[in-house]
Amino acid sequence: MSILWREDTRELHIRNDFFSYIIVLLPNGEPSLAYFGPALAAEESYSRLARFEDRALSTHTPDLPTEFCLDWARREYPVYGRGDFRFPALEVQDQRGLPLLLDLRYQGHLIRPGKPPIEGLPSTYTERPQEAETVTVFLRDETWGVEVELHYTVYADYPILARHATVRNSGSSPLRLNRALSAVIDLDDDSWDLVQFSGAWARERHLVRRPLVQGSQSISSNRGVSSAQQNPAVLLARRDTTEQFGEVYGLALVYSGNFSIEAEVGSHGDTRLGAGINPFGFSWVLEGGGVFETPEVIVGYTDRGLTALSQSFHRLFGERLARGVWRDRARPILLNNWEATYFDFTEEKLLRIASDAKDLGVELFVLDDGWFGERNDDTSSLGDWEANLKKLPHGVEGLARKVEALGLKFGLWIEPEMVSPRSQLYQVHPDWAVGSIADRRTLGRNQLVLDLSRPEVVDYLAAAIGKLLRSAPISYIKWDMNRQLTEPLSLGLPLDRQGEFFHRYVLGLYELYRRLTEEFSGVLFESCSAGGNRFDPGILAYAPQGWVSDDTDAVERLRIQWGTSFFYPPSSMGAHVSAVPNHQVGRRTPIGTRSAVAFFGAFGYELDPGALSDSERDEIREQIRFYKEWREVFQFGTLYRLRGPYDGDGNEVWWMSVSKDKRRAVVQRTQILARPNPPFGRLTLRGLDGAFRYRVSVRPSSPVKNEASIRWNAGSRRGDELMRAGLLLGGDGWNGVNRGDFASWIFTLEAE
Ligand code: GLA
């Protein structure tokens, strides 16, 4: 890893073993991306790669060479107005509302070991300065005194570049930012597919892949949260890039609010990729001397396919974005009472469920919604974080102590950002809800959002939730957030600053998370937002795991977890076995298949063990025993996507996880619909040590006699055979051994 400045050619070469990112200065004095791809030799100059040519319809500045046209220049932080008609990174107005024509020129740069934090925002970090190097490039517009710092961090051990920008008003009059993206990357050609992770409640992060075409294509959120609709992360993959082969860039924004990621293909096949806070509805007053920090963008590059890129993000996000004692610690197997009881429970009922859970081997009992105020349905009490003594006569503390006495840890659900109009908190502080006119505030799930842009609201919540956490032995918190934001107005902000509301809300949220996770550093925080409505890198910095989706159906989860796995590590994915018929889709899948899919994450249960048959309880006991034995591989192993819901007819989904030392691996196969008399085939495994000999065992979701999957594949096989010849497919489904729809198999591999 190194960052080199060549004074003779005035170029900056940011480099590690995986890639080079080379910045040169354009004739107008602004920085330009000359190259971003596989690592190039450090001693060479590459300034020739910034190509110029005069073309029809080009514009140029009088004192600069005519072949230099901004409209197809590769600019590091573009602004509008001097011949570049693509989307800009920065838009600034003066006090009168006049858009400024900026001319941001290079002033100098500073190279430092390590990586400084970003004030008020989550970001990746180093534990030792030698893990990374950071360069800040200083730009300045002389006329208006607008200064921009572009920050680039290169890690030694990750094929990852972290970027963000700082904007400063060095003048004395206030300015208004209408757009300040975190980063723009101008690529040389457009033969890329844009891959995004889109959806809705209960079907989050479904993969969508489409070729870039001339013009703009973008994803965004204006919902106040990163959203279930679009995740703030995309790939640009070559048209022929697959899981195993080919070039791909990955870009993820470390941010939990309104975002925009845009790719614009210009008139000459040039591709501009930009990411940051969504400019829609955003405007920020920057006082004289004021500074605005943009969220971090993480950019990955590999020429070795999609799986390799995902593995880099998993490592970085798992090791240097998530933080706290739980970052590297095995996550407990939990049982959550939500689908078991919904709002209808008593202390007695909960203790019976907890005791059953303990008997099965569960480690953590989580009490979900409905324990506070007068909350017996979703129409009241959010904000009143005191136990409902009719349900819990001994309070949270009494219940928690009894759960601990059973030999379980105790966890609790909260939704701190919300307030119900029917609540004591709302009676006292109606002005604390988002939106200015109380009786015209739009409800979502009968609730309003507390205005976290106001410091006094954040202070109040830190105190209220802090008190709750101190009041009982609580080891785990599920932090929910069940609606999207409307009427983005704050009674705490002056009229000319209402455009700051959305971002200030996110800053308030991060501040609240920071205070609580720092004070209660031993507590495991799991984020949730009606499932995966705010499952993003920003939240991951505070909560090392998140509830992936309210949809716990095994078949639906194949797509959801497949998509989630492109950026987020298995340890961050809350995945539970629930009852059948499934509460979201009504489907009946075998309990073995439900576990096979949920194993590859932070595992748990979402059901009442007392409502199960003895044989189902035995099966769960066995699942938990098995999970404990393989937990390290499931949660912290290296994940390989082998065959996905988007391959072929999507009927079979395979993925596998390999331990760091490659001595152990688990492979998951789910076949959605049964197929009679199936074709033969092979599936090659990945990530093993070719020279090791592995003992392969097969656990089908339910026992079927004389099964080919077991006969053909179990036994002792060399790693290179498994990776080249692979496992044999196609025998199951012949001659009456077909096990029906939604069958699954878990293969375990142990080096002998
Ligand atoms: C959300 C969560 C669920 C559950 C309910 C409780 O929908 O995603 O897991 O906690 O809220 O109201």
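Values below: every heavy atom of this structure, side chains too, minus hydrogens, waters and symmetry copies. Both ligands and their constituent atoms are indexed starting at 1 by order of listing.
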Discussion item. Give me the residue, atom name and distance of the protein heavy atom closest to atom 4 (C) of ligand 1.
Written reply: Asp368 OD1, 3.4 Å

Worksheet entry | Ring-face cation contact, Trp547 with Arg557, 6.0 Å cut, 45° max | yes

Worksheet item: Do Lys467 and Glu386 meet the salt-bridge criterion of a basic N to acidic O distance under 4.0 Å?
Response: yes

Fill in: Stacked cation flag Lys391 on Phe345, 6.0 angstrom / 45 deg
yes

Worksheet item: Got an N/O contact under 3.5 Å between Gly531 and ligand 1?
Response: yes

Worksheet item: Are side-chain heavy atoms of Tyr476 and Gln545 found at a separation under 4.5 Å?
Response: yes

Worksheet entry | Nearest-neighbour protein heavy atom for atom 9 (O) of ligand 1, which is reported as residue plus atom name and distance | Lys478 NZ, 2.8 Å

Fill in: Distance filter under 4.0 Å to Trp547 heavy atoms, resulting ligand 1 atoms
8 (O), 9 (O)

Practice prompt. Heavy-atom contacts with Asn482 under 4.0 Å: which atoms of ligand 1 show up? List them by number with element.
Written response: 1 (C), 7 (O), 11 (O)

Worksheet item: Does ligand 1 have any atom that is closer than 4.0 Å to a heavy atom of Arg445?
Response: yes

Discussion item. As a check for students: among Asp480, Asp551, Asp550, identify the option with a heavy atom nearest to atom 7 (O) of ligand 1.
Written reply: Asp550

Which pairs of donor and acceptor atoms, one on a side chain in residues 426-434, lie under 3.5 Å apart (sequence neighbours left out)?
unit_1: Tyr426; atom_1: OH; unit_2: Arg441; atom_2: NH1; d: 3.1

Discussion item. Applying a heavy-atom cut-off of 4.0 Å, say which part of Asp378 lies close to ligand 1: side chain, backbone, both or neither.
Written reply: neither

Practice prompt. Decide, yes or no, whether a salt bridge links Arg401 with Glu397 under the criterion of side-chain N to carboxylate O below 4.0 Å.
Written response: yes

Worksheet item: Any N or O of Glu606 that comes nearer than 3.5 Å to an N or O of ligand 1?
Response: no

Response to the item:
Closest to atom 12 (O) of ligand 1 among protein heavy atoms sits Asp369 OD2, 2.6 Å

Worksheet item: At a non-hydrogen distance cut-off of under 4.0 Å, which region of Arg375 contacts ligand 1 (side chain, backbone, both, or neither)?
Response: neither

Worksheet item: Considering residues at least two apart in sequence or located in another chain, which fulfil the side-chain contact (heavy atoms from CB on, under 4.5 Å) criterion with Gln424?
Response: Asp384

Fill in: Numbered atoms and elements of ligand 1 in range of Cys528, under 4.0 angstrom, heavy atoms
2 (C), 8 (O)

Fill in: Residues Thr442, Glu487; criterion side-chain hydrogen bond (donor to acceptor under 3.5 Å, both in side chains); working and verdict
CA-CA 7 Å; Thr442 303; Glu487 291 91 31; 2.4 Å; yes

